[in-house]
Amino acid sequence: MDKKRFVYADNAATTRVSDKVFAIMQPYFSNEFANPNSIYSFAHTARNAIEDARRKTTDAINAKNGNVYFTSGGTESDNWAITGVAAAESRKGKKHIISTKVEHYSVLNALESLKKQGFEITLLEADAEGMITPDQVEKAIREDTALVSVMYANNEIGTIYPIADIGAICRKRNVLFHTDAVQAMGCVKIDVENQNIDLLTLSGHKFHAPKGIGCLYVRKGIALNNLIHGGGQEKGKRPGTENVPYITGFAEAVSIAANTVNERVEYVTNLRDKLLEGILTIPGVKINGTMKQRLCGNINVSLEAIEGESILLALDMKGIFASSGSACTSGSLDPSHVLLAIGLPHALAHGSLRFTLNEENTMEDVEYILEHLPPIVQNLRNMSPLWREKGG
Ligand code: PLP
């Protein structure tokens, strides 16, 4: 009989709310439920909690020369940064934006909406390993470039981009620079000041805060149009009664993530490398993306002659949860736009499998995956005419 376990290896999709974060949030759901904008004394604790959270977040990313605005997460922050800068800069006649083909859809589709409004968009090509270079960015900058938006790390293949160097070029050329750091937080040291970042997106649920809370950092002096309109909360820039419990949880999670990068990278890299080593003993496996500049928990491989979805279902039966692309696009039969952008043929893109580990995974998890993955692949290939054609 199979010993069925629960191995969650999809931490790029979302993470568990940590006990510490949960505990910090609790009072603001119950005893301290006041609206932080009310003036009576009962509301002071909630108001102070928001401002403490802003200070913690500011410290975690060295945002002292700008503002941290709390939002509903990565999608909102990306949309706001891109459309807000575009609207403000277009008043100066700047209607060109540079980004990449490997961004998350919250960037790509925000850009698509701007294109319909007459903006010109340049999407940089990633190389076969998923990399984008500062030189590519520099060559694409024009007189009328309003914004460069390059993600800090890729959610599918884990590539970490040379953000400080790209930021330096943008600064030199007087172009604003936004980065979507949703996947990077906790795995790299983020310092908006020293890394020349003008606008930065974070999303809490990728590092043990709840879903539906994030922030946008905006350097002082940047003109940014609102995404939504309402009252005076968040200096009138992001109106709506603040989600006090989530904001406190977010800040605690940001703070823990930022202060434990080194331990996390060391621990998770070891797990990741063991898992990868085991996966590479399976025939017909190709690593997607570079191993040089890669998020510590990310494994993305393509397995010849079988579908990623079939592997996922079989893994699910064993209590192993992974992904065959980004969670937002699973459910669609289109292969991942990131894998296609780095030149994978459709067949290999369809055969992709992503494991994303974090500090809550253990070596036992890795061993359990390695016990079950090879026979699953073998079984599927036994049924695969494509594999037989290859003489496998
Ligand atoms: N950007 C990246 C790189 C992501 O991986 C995600 C979510 O997977 C998002 C943005 C969207 O974040 P949220 O789920 O908070 O809207």
Side-chain angles (χ1 to χ4, degrees), residues 8-17 21 57 68-83 99-113 123 126 130 132 149-161 163 166 178-188 190 197 199-217 227-228 238 243 246-247 249-251 253-254 257 288-289 293-300 321-332 336-339 341-342 352 354-358:
Y8 183 74
D10 198 16
N11 288 287
T14 198
T15 59
R16 188 181 75 87
V17 173
V21 167
T57 309
V68 166
Y69 299 105
F70 295 112
T71 67
S72 66
T75 301
E76 181 186 331
S77 296
D78 282 345
N79 271 268
W80 185 17
I82 288 166
T83 60
S99 188
T100 81
K101 289 198 168 166
V102 294
E103 299 296 313
H104 188 266
Y105 279 118
S106 54
V107 167
L108 290 177
N109 285 340
L111 293 171
E112 199 52 40
S113 83
L123 293 182
I132 303 277
S149 180
V150 177
M151 69 199 324
Y152 210 127
N154 190 276
N155 45 308
E156 296 198 36
I157 52 175
T159 312
I160 302 171
Y161 297 99
I163 290 306
I166 294 173
H178 165 248
T179 187
D180 170 345
V182 165
Q183 295 289 341
M185 188 72 214
C187 296
V188 292
I190 296 178
I197 296 165
L199 301 108
L200 176 126
T201 292
L202 293 178
S203 171
H205 73 104
K206 308 296 184 176
F207 46 85
H208 306 294
K211 296 153 192 67
I213 182 73
C215 78
L216 181 68
Y217 160 77
L227 185 64
I228 54 173
R238 202 287 185 177
N243 190 340
Y246 278 34
I247 288 172
F250 173 83
V254 167
N288 297 319
Q293 294 292 323
R294 191 178 189 115
L295 291 175
C296 56
N298 178 288
I299 292 180
N300 190 318
F321 308 113
S323 157
S324 65
S326 78
C328 320
T329 53
S330 60
S332 113
S336 141
H337 69 283
V338 174
L339 297 181
I342 64 170
S352 76
R354 182 188 73 175
F355 293 101
T356 45
L357 306 176
N358 75 4

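In listed order, ligands and their atoms are each counted from 1.
Within ligand 1, counting atoms from 1 as listed, the ones closer than 4.0 Å to a heavy atom of Ser106 are 10 (C). Close approach to Asp180 involves these atoms of ligand 1, each under 4.0 Å from a residue heavy atom: 1 (N), 2 (C), 3 (C), 10 (C). Close approach of ligand 1 to Asp78 (heavy-atom distance below 4.0 Å) involves ligand atoms 1 (N), 10 (C). The atoms of ligand 1 that sit less than 4.0 Å from any heavy atom of Gly73 are 15 (O).
Remark: side-chain polar atoms of Thr71 are not paired, donor with acceptor, to backbone N or O of Glu76 under 3.5 angstrom. Side chain of Thr201 to main chain of Asp180: no donor-acceptor pair is present (N/O by atom type, distance under 3.5 Å, no hydrogens or angles). Listed for the Lys206 side chain is a donor-acceptor partner under 3.5 Å among the backbone atoms of Ala13.
Looking at Met151 against ligand 1, only its side chain comes within 4.0 Å, counting heavy atoms. At a 4.0 Å heavy-atom cut-off, ligand 1 touches Thr75 through backbone and side chain alike. Heavy atoms of Glu76 found under 4.0 angstrom from ligand 1: none, in either backbone or side chain.
Considering backbone and side-chain N/O atoms, Gly74 comes within less than 3.5 Å of an N/O atom of ligand 1. Residue His205 has at least one nitrogen or oxygen atom sitting less than 3.5 Å from a nitrogen or oxygen atom of ligand 1, judged on distance alone.
Side-chain contact check for Ser106 and Asp78: at least one donor-acceptor pair (N or O, by modelled atom type) lies under 3.5 Å. Ser352 and Ser324 are not linked by any side-chain donor-acceptor pair at a separation below 3.5 angstrom, with hydrogens and angles left out of the test.
When each of Glu103, Lys101, Glu156 is paired with His337, the side-chain contact (heavy atoms from CB on, under 4.5 Å) condition holds for Glu156 and for no other.
The CG atom of Asn11 sits 9.5 Å away from the CZ atom of Arg354 when rounded to the nearest 0.5 Å.
Heavy-atom separations between Glu103 and ligand 1 are all 4.0 Å or longer.
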